[in-house]
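Hydrogens, waters and symmetry mates play no part in the numbers below; they use all other heavy atoms, side chains included. This chain uses plain numbering: 1 for the first residue, then up along the sequence. First listed ligand is number 1; within each ligand, the first listed atom is number 1. Everything quoted here is computed from the prediction, not taken from an experiment.
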Amino acid sequence: MQEKINLIRSEILEKIDSFDSSRALYEFRKLFLDNKEGKISLLMKGLKDVPKEDRPAAGKSINELKNWALSLFEEYDARIHKLELEKKIAGEAVDVTEPAVKRRAGALHPNTMVQNELIDIFSAMGFEIYEGSEIETDYYNFTALNTPEDHPARDMQDTFYLSPGFLLRTQTSAGQIHVMEKSRPPIKILSPGKVFRSDDDATHSPMFSQMEGLVVDRGISLCDLQGMLDLFSEKIFGQGVKTRLRPSYFPFTEPSVEVDVSCFECGGKGCKLCKGTGWIEVLGAGVVNRHVLENCGIDPDEYTGFAFGMGVERIAMLKYGINNIKVLFESDTRFAEQFRD
Ligand code: PHE
């Protein structure tokens with residue numbers, strides 16, 4: 001018996017130093033201390049075969065071996081655990097000298113900023129927002145706007161037709177008809193949205209954004225339009241900016257005007273931006289043509305109105321000194337970041 005005990009003892013001592021993981025140590029421990037199959041447990045079970053008179057001494061020795069093994073494994077287990085923890089902590093060390101990853105904050109696109117600004121200005125004047133749809137029928141985009149099929153004005157706008165009768169709207173003016181069909185005066189709406197034209201150069205894009213305004217009530221005249229535009233121009237381009245109306249032509253307004261603002265760059269003296277004229281064209285407008293009111297079931301002898309339409313990109317380009325419309329559509333975040341408020 002003593003021999004067996006010595007053998008187990010030396011077997012344990014021989015290997016116990018070689019483990020570097022608590023898992024491996026645990027497996028090794030099981031070889032000796034497993035309740036069923038551990039070598040020490042089996043010794044205990046073998047006691048019954050020991051002659052009766054030797055049994056107490058053998059039992060004592062086995063117990064001593066067991067206690068010795070238990071405390072030895074405990075001591076090694078604690079040591080390995082400590083090493084494992086130190087290793088883990090060393091692996092997770094924070095290098096406080098490492099440069100931080102730079103966070104890049106987003107910025108609103110200049111077009112969005114101008115659009116928001118326009119919406120703020122006009123809603124403060126009591127305009128309600130109406131968003132129409134980008135796909136329109138020929139009727140809403142042209143016919144109802146006093147632009148019949150054979151009207152030369154249809155050639156003024158190169159249209160993307162989707163199928164006979166359906167098109168991508170070329171102007172937010174289509175929204176005027178929807179609003180006037182559904183509601184009765186007083187009407188005061190602002191209709192922002194994308195429009196599409198087959199047009200592509202440094203200042204034109206096949207898709208761009210417009211902002212349409214429509215006011216219909218009793219006694220509305222061109223004076224109301226100009227008064228409102230004066231307020232708008234100072235708000236968007238700065239104090240002291242004046243407006244000027246020039247005669248123009250749109251089938252859906254009569255009279256029609258082109259609206260210029262005095263150059264906010266040179267104060268009207270003449271510079272590169274205003275091409276030496278002192279004035280910059282910003283939008284088209286006019287008194288709603290009586291045929292358009294009639295088309296929507298509004299009595300033109302009782303009600304009158306004015307409408308205006310402006311290109312959002314054009315305003316953004318003027319305001320921020322952008323000379324090519326393409327950069328507004330390139331989705332380069334570095335571009336938008338330059339205009340952060
Ligand atoms: N729809 C016109 C355009 O796209 C602008 C406009 C709107 C003119 C309303 C007069 C009245 O050019």
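Interface atoms of ligand 1 facing Gly284, defined by a heavy-atom separation under 4.0 Å, are 6 (C), 8 (C), 10 (C). The atoms of ligand 1 that sit less than 4.0 Å from any heavy atom of Arg197 are 3 (C), 4 (O), 12 (O). Listed by number with element, the atoms of ligand 1 under 4.0 Å from a non-hydrogen atom of Ser173 are 1 (N), 7 (C). Contact atoms of ligand 1 toward Gln171: 1 (N), 2 (C), 4 (O) (distance under 4.0 Å to a heavy atom of the residue). Residue-ligand proximity, Ala307 to ligand 1, at heavy-atom distances under 4.0 Å covers atoms 9 (C), 11 (C). Those atoms of ligand 1 with a heavy atom of Glu212 less than 4.0 angstrom away are 7 (C), 9 (C).
The shortest heavy-atom distance from Phe252 to ligand 1 is under 4.0 Å. Between Arg169 and ligand 1 there is no heavy-atom distance shorter than 4.0 Å. The closest approach between Gln210 and ligand 1 falls below 4.0 Å for a heavy atom of the residue.
Counting only N and O atoms by type, the side chains of Thr333 and Arg104 include a donor and acceptor under 3.5 Å apart. For the residue pair Asp17/Tyr76, the side-chain donor-acceptor check at 3.5 Å is satisfied. Counted by atom type alone, Glu86 and His81 present zero donor-acceptor pairs between their side chains at under 3.5 Å. Under the 3.5 Å distance criterion, with hydrogens and angles disregarded, no donor-acceptor pair is assigned to the side chains of Asp199 and Ser205.
Distance alone, capped at 3.5 Å, is enough to place a donor-acceptor pair between the Glu212 side chain and the Ser173 backbone. Although no hydrogens or angles enter the test, the distance criterion places no donor-acceptor pair under 3.5 Å between the side chain of Lys235 and the main chain of Leu118.
Residue Glu258 does not touch ligand 1, judged by heavy-atom distances below 4.0 Å. Of the heavy atoms in Phe308, only backbone atoms (N, CA, C, O) come closer than 4.0 Å to ligand 1.
For atom 10 (C) of ligand 1, the nearest non-hydrogen atom from the set Ala174, Ala285, Gly311 belongs to Ala285.
Taking only nitrogen or oxygen atoms, main chain and side chain alike, Thr253 does not reach within less than 3.5 Å of ligand 1.
Salt-bridge formation is detected for the pair Arg23/Glu27: a Lys NZ or Arg NE/NH1/NH2 atom is positioned less than 4.0 Å from an Asp or Glu carboxylate oxygen.
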With a cut-off of 3.5 Å and sequence neighbours excluded, list every side-chain donor-acceptor pair involving residues 267-278.
{"unit_1": "Lys269", "atom_1": "NZ", "unit_2": "Cys266", "atom_2": "O", "d": "3.4"}
{"unit_1": "Thr277", "atom_1": "OG1", "unit_2": "Cys274", "atom_2": "O", "d": "2.7"}
{"unit_1": "Thr277", "atom_1": "OG1", "unit_2": "Trp279", "atom_2": "N", "d": "3.1"}
{"unit_1": "Thr277", "atom_1": "OG1", "unit_2": "Trp279", "atom_2": "O", "d": "3.0"}

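Residue Glu302 forms a salt bridge (charged side-chain N to carboxylate O under 4.0 Å, His left out) with just one option from Arg290, Arg218, Arg184, and that option is Arg218.
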